[in-house]
Amino acid sequence: DTAVSQTPKYLVTQMGNDKSIKCEQNLGHDTMYWYKQDSKKFLKIMFSYNNKELIINETVPNRFSPKSPDKAHLNLHINSLELGDSAVYFCASSQDLGSEAFFGQGTRLTVV
Amino acid sequence: AQSVAQPEDQVNVAEGNPLTVKCTYSVSGNPYLFWYVQYPNRGLQFLLKYITGDNLVKGSYGFEAEFNKSQTSFHLKKPSALVSDSALYFCAVRAPTGGFKTIFGAGTRLFVKA
């Protein structure tokens, strides 16, 4: 009964491939996020959805495309993967835009 | 523009001693302030938040933080540190005027020595 779950936990892939990371939350929250944490542990927002509507879209290459089929799911698709995309990607959710976030365990993406 | 500063990369404290992890922020309007903790190979866990009200906020695992508007600070404190408190701590700020985008500090690694 994990609150925010991401799959896969680890992803190793070659440059140029396309991959997806899935995220689901069972907390009934309205808002979901994707964050990127780099090797120095810096954490940066990538996207935020509120009630399936994209509300935050940071300066992220358009190779990254989020998709929210419903309020409980926010998937991240990445095209033409590059070495610099290697990082840990966290999905999170919150009850609303002003509330604290609940994070998934992360997906460690390694591009070789 | 919003910003958060955690001036210490690392804080070392002996078990049983009080600990402080510092955070200062810059934001337009009234800030929403958060502290999160990250253990190795885990996602972030929420500790506490300040939105309005009493400047002293109490959170999980015995942690508390004090909101100081004049100094634009939100330092995390605990009266008596445990070895199990050793982790990476993040301060975060969210401004309603900024589309509720959350900005995280760079993180402070806390080492508690037995």
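Side chains are part of it too, since the values below use all heavy atoms of this structure and drop only hydrogens, waters and symmetry mates. So that the names make sense, note that chain A is the first sequence line, chain B the second, and so on, each numbered from 1.
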### Query
With a 4.5 angstrom heavy-atom cut-off, which part of B/Q38 approaches chain A: side chain, backbone, both or neither?
side chain
### Task
Examine B/V57 and B/F34 and state if one hydrophobic cluster contains both, with Ile, Leu, Val, Met, Phe, Trp and Tyr joined whenever side-chain heavy atoms are less than 4.5 Å apart.
no
### Query
A/F103 and A/L27: same hydrophobic cluster, using ILVMFWY side-chain contacts below 4.5 Å?
no
### Task
Using non-hydrogen atoms and a 4.5 Å limit, figure out which bit of B/L88 sits close to chain A: side chain, backbone, both or neither.
side chain
### Task
Identify which part of B/L48 has an atom lying under 4.5 Å from any heavy atom of chain A, answering side chain, backbone, both or neither.
neither
### Task
Identify whether B/Y89 and B/F104 are in the same connected component of the hydrophobic contact network (ILVMFWY, side-chain heavy atoms under 4.5 Å).
no
#### Entry: Over 12 foreign heavy atoms within 6.0 Å of CZ, B/R42
no
### Summary
Output for pair (A/Y35 OH, B/L44 CG), nearest 0.5 Å, gives 9.0 Å
### Message
Is it the case that over 12 heavy atoms from other parts of the model lie below 6.0 angstrom from the OH atom of B/Y61?
### Response
no
### Message
Let me confirm one number: the OG-CZ distance from A/S94 to B/F46, rounded to the nearest 0.5 Å.
### Response
11.0 Å
#### Entry: Exceeds 12 heavy-atom contacts within 6.0 angstrom, atom NZ of B/K22
no
### Query
With only heavy atoms counted, which part of A/E58 is less than 4.5 Å from chain B, the side chain, the backbone, both or neither?
side chain
### Whether over 12 other heavy atoms sit under 6.0 Å from B/Q10 CD
yes
### Contact leader toward chain B among A/A92, A/G104, A/S99, where contacts are heavy-atom pairs under 4.5 Å
A/S99
### Residue part contacting chain B, namely of A/A101, when any heavy atom lies under 4.5 Å
both
### Query
Would you say B/Y36's side chain and A/E100's backbone share a donor-acceptor pair under 3.5 angstrom?
no
### Task
Look at the side-chain heavy atoms of Ile, Leu, Val, Met, Phe, Trp and Tyr, link any pair under 4.5 Å apart, and say whether B/F67 and B/L76 land in one connected group.
yes
### Query
Are more than 12 heavy atoms from other residues, nucleotides or ligands located less than 6.0 Å from atom CG of B/D9?
no
### Message
Can you tell me if B/N12 has over 12 outside heavy atoms packed within less than 6.0 Å of its CG?
### Response
yes
### Summary
By residue number, those in residues 36-49 of chain A with heavy atoms under 4.5 Å from heavy atoms of chain B are A/Q37, A/K41, A/F42, A/L43, A/I45
### Query
Backbone N or O of B/N41 within a donor-acceptor pair of the A/R108 side chain at under 3.5 Å?
no
### Verify same cluster id: A/L74, A/I21 (apolar side-chain graph, 4.5 Å)
yes
